[in-house]
Amino acid sequence: MEEPEMQLKVKKVTDKFTESMYVLANEPSVALYRLQEHVRRSLPELAQHKSDMQSWEEQSQGAIYTVEYACSAIKNMTDSSVYFKSIDSLLKHAIAMKDQLNAAQGRSAVAPQGKNPPASS
């Protein structure tokens with residue numbers, strides 16, 4: 001055979017072989033196999049990420065509840081300042097009344113001692 005003829009036949013064979021390999025590599029069943037392999041390799045990592053995210057979500061929900069509860073407690077404390085002021089004034093009033101009672105008892109206790117009791121014979 002002649003050299004150019006041989007090169008033409010070799011080129012045709014290699015072209016056909018390349019085309020066959022291209023068709024075979026891109027066949028739908030091969031694509032599905034590659035997809036399956038990708039999912040098989042990726043799924044455990046994705047499942048771990050999902051588990052981590054759920055755990056973080058639970059922790060976040062707990063922290064949010066704690067912050068909301070603390071904000072509510074602080075708001076209630078600021079709202080109760082009226083009651084504390086009322087308690088303060090009532091305590092001051094009670095102390096003043098106690099001081100008045102103590103002063104009155106002190107005067108009445110001093111008065112009987114100042115009198116001379118009748119002498120008995």
A.B. asks: Between S42 (side chain only) and H38 (backbone N and O only), is there a donor and an acceptor less than 3.5 Å apart?
C.D. replies: yes
A.B. asks: Applying side chain to side chain contact (heavy atoms under 4.5 Å, CB included) between K9 and each of K11, Q7, E5, report the one that passes.
C.D. replies: E5
A.B. asks: Could you tell me whether E45 atom CD has more than 12 heavy atoms of other residues or ligands within 6.0 Å of it?
C.D. replies: no
A.B. asks: As an exercise, state the distance from OG of S20 to CG of D15, rounded to the nearest 0.5 Å.
C.D. replies: 10.5 Å
A.B. asks: Where the side chain of S51 meets the backbone of A47, is there a donor-acceptor pair that is under 3.5 Å apart?
C.D. replies: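 Side chain of S51 to backbone of A47: no pair is present.
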A.B. asks: Do L90 and S86 make a side-chain contact, defined as non-hydrogen atoms from C-beta onward lying under 4.5 Å apart?
C.D. replies: yes
A.B. asks: Just by distance, do the side chain of T78 and the backbone of K75 share a donor-acceptor pair under 3.5 Å?
C.D. replies: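 A pair under 3.5 Å: yes.
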A.B. asks: Between R34 and E37, does any NZ, NE, NH1 or NH2 come within less than 4.0 Å of an OD or OE carboxylate oxygen?
C.D. replies: no
A.B. asks: In Å, rounded to the nearest 0.5 Å, how long is the span from CD of Q100 to CD1 of I95?
C.D. replies: 12.5 Å
A.B. asks: CE/M21 to OG1/T18 distance, rounded to the nearest 0.5 angstrom?
C.D. replies: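 Between atom CE of M21 and atom OG1 of T18 there are 9.0 Å.
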A.B. asks: Answer whether the closest heavy-atom distance between the side chains of Q59 and S55 falls below 4.5 Å.
C.D. replies: yes
A.B. asks: What's the spacing between C71 SG and N76 CG if we round to 0.5 Å?
C.D. replies: 11.0 Å
A.B. asks: Supply the atom-to-atom distance K85 NZ to S80 OG, rounded to the nearest 0.5 angstrom.
C.D. replies: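 Spacing of NZ (K85) from OG (S80) equals 11.0 Å.
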A.B. asks: What's the separation between atom CZ in R40 and atom OH in Y33, rounded to the nearest 0.5 Å?
C.D. replies: 7.0 Å
